[in-house]
J.: 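My questions will all concern the structure given below.
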Number of protein chains: 2
Amino acid sequence: MKKPNNTYHHGDLRASLLREAAALLRDSGIDGLSLRRLSERVGVSRTALYHHFSDKHALLCALAADGFAQLDALMQPLSPASNAPPAERYTAFAKQYLDYATKNPSLYGLMFGHTLWRDKLADDSLKQIAYESFRHHLAAVKRWQEAGILPKEQDSLRLTQVTWGTLHGLAQLVIDGVYADSTHLEDICQCVGQLFCGMRTAKPQ
Amino acid sequence: MKKPNNTYHHGDLRASLLREAAALLRDSGIDGLSLRRLSERVGVSRTALYHHFSDKHALLCALAADGFAQLDALMQPLSPASNAPPAERYTAFAKQYLDYATKNPSLYGLMFGHTLWRDKLADDSLKQIAYESFRHHLAAVKRWQEAGILPKEQDSLRLTQVTWGTLHGLAQLVIDGVYADSTHLEDICQCVGQLFCGMRTAKPQ
DNA sequence: CAGTGAATCTTGACAGTGTCAAAATGCAGC
DNA sequence: GCTGCATTTTGACACTGTCAAGATTCACTG
């Protein structure tokens, strides 16, 4: 009886939900992203969502998966060689990672923090894209080790975990504003680059 | 009219709330810590808490402050010199930090993640103890720089931010089980130690 | 000891949340 | 044109944090 207009079936609800959810997340943070507010914003009932996502967590997983895809794409073009000194190249890489994190704080917090992983709630597609992103990072670390940018004697897997851990930890600290603010981001990245590549001989390719 | 027994005034409610809240946090995680469950567990009304904490966030801040105190105390005895090689000393330090984090995952997540900081909701006592903890770490870094354990040429503040960031990021990754699991914690810490102290000459004191 | 004020605790209520069951609606195919 | 199915809605439930108003007890003053 209600809604006699031709839009009972929304047609593209899943995509609309994701789009508006991302906007809501960006504007109001993770706490401001409630299903009622989202559905109201999309112009649909509160439970319409359940025919496209099994759960609220499923929606959040999809958002996080998009975030990983963005982050992965962003870090891809970093691989080509340049003739800058190793430390500077790694510094630029760190800067790019931290820039993405600080420019999308809520999304970044969703991708990692927010119980998605802790409670085994991450669905398979999220796991897949997240692990793929890690494998890309691992491959880059191996390349940098062979190029003499990162220490060759370290196990590549451990080194990847540590370097990613460093970037991730710094991102969190800067986002939350606990021990670092974004005004000194440049200096921090430089310190990271020198620490990881510092003593290494510049041996470009 | 109710509760004719002599326990209308609980007498030590604030402390009891904190104790049970910590237990609830440990057992059921951050999402399982609701004020109703907590008050029921303490045996008191749902709003009794509001006479001792202005807010739920205030309670969480108090819990987090306790966590910082524990972490700070734990890392204090690490300062005395030993004659082990630098990398091993730092490895042990990292291991201690990550052990605390992984053994108290929910509390650690509360101390950092959980919007306490992001939304400027941290009250002054929490800020104070957290910053004090950071200053202790900074002082330790300076000592280690002078002892030749950490690179002397780096700015101490930046170096502290980076080293803490590394430990923090690894803690998060291990806790959430994203890219690292706790079985390889030893190896990871070793990698950290060698990375930060690796090329440095062993110059104890 | 009586009595008053403040501190503490309880009950009732409200808006908000995620989610399930059942009914309503529109689309595609026989 | 009718039937089955996917989609959407309405109603309801248990749960959350928090406020206002009343009940109870403690500490202190006269």
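Convention: sequence-line order gives letters A, B, ...; per-chain numbering from 1.
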J.: For the side chain of Leu13(B), starting at C-beta, report the closest nucleotide among dT19(C), dT9(D), dC9(C).
T.: dC9(C)
J.: Whether the side chain of Tyr179(B) engages the backbone of Ala130(A) through a donor-acceptor N/O pair (distance < 3.5 Å, no angle test) should be reported.
T.: yes
J.: What's the closest nucleotide to the Thr47(B) side chain, out of dA20(D), dG11(D), dT16(D)?
T.: dA20(D)
J.: Round to the nearest Å and state the distance from Leu49(A) atom CG to dT17(C) atom P.
T.: 14 Å
J.: Looking only at the side chains, is there a donor atom on one of Tyr97(B) and Trp164(B) sitting less than 3.5 Å from an acceptor on the other?
T.: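 Trp164(B) and Tyr97(B) do have a side-chain donor-acceptor pair below 3.5 Å.
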J.: Report the distance from atom CZ of Arg14(B) to atom C1' of dA7(C), rounded to the nearest whole Å.
T.: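 Rounding to the nearest Å, CZ of Arg14(B) and C1' of dA7(C) are 16 Å apart.
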J.: Record whether the side chain of Ser45(B) comes under 3.5 Å of the base of dT11(C) through a donor-acceptor pair of N or O atoms.
T.: no
J.: So for Arg36(B) and dG17(D), does any side-chain atom that can act as donor or acceptor lie under 3.5 Å from a complementary atom in the base?
T.: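 Flag set: donor-acceptor pair detected.
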J.: Under a plain distance cut-off of 3.5 Å, with no hydrogens placed, do Tyr108(A) and His168(A) share a side-chain donor-acceptor pair?
T.: yes
J.: Taking atom CG of Asp66(A) and atom SG of Cys61(A), what is their separation to the nearest 0.5 Å?
T.: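 One finds 11.5 Å between CG of Asp66(A) and SG of Cys61(A).
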J.: Quick one about Gln154(B) and Gln145(B) (side-chain donor to acceptor, distance below 3.5 Å, no hydrogens or angles considered), yes or no?
T.: no
J.: Determine, stepwise, if the pair Phe68(A) / Tyr131(A) fulfils ring-ring contact (aromatic ring centres under 6.0 Å, His included).
T.: CA-CA 10 Å; Phe68(A) 274 103; Tyr131(A) 291 157; 9.1 Å; no
J.: Between atom CG in Leu17(B) and atom C1' in dG17(D), what is the gap in whole Å?
T.: 15 Å
J.: For Ser34(B), report the nucleic acid contact type (base, sugar-phosphate, nothing); a contact means any heavy atom under 4.0 Å.
T.: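 Ser34(B): backbone/sugar contact only, no base atoms under 4.0 Å.
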J.: Nearest-Å distance, CG (Asp31(A)) to P (dG17(D))?
T.: 13 Å
J.: What residues in residues 50-65 of chain B put a non-hydrogen atom under 4.0 Å from any atom of DNA chain C?
T.: His51(B), His52(B)
J.: When the distance from CZ of Arg37(A) to P of dA15(C) is rounded to whole Å, what number comes out?
T.: 18 Å
J.: Rounded to the nearest Å, what distance is computed from the CZ atom of residue Arg46(B) to the P atom of nucleotide dT16(D)?
T.: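 Answer to the nearest Å: 11 Å.
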J.: Which whole-number value in Å describes the distance from Leu38(B) CG to dT16(D) C1'?
T.: 14 Å
J.: Using whole Å, what does the distance between atom C1' of nucleotide dC15(D) and atom CD of Glu40(B) come to?
T.: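 After rounding, the reported distance stands at 13 Å.
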J.: Answer yes or no: does atom CD of Gln70(B) have more than 12 heavy-atom neighbours from other residues, nucleotides or ligands under 6.0 Å?
T.: yes
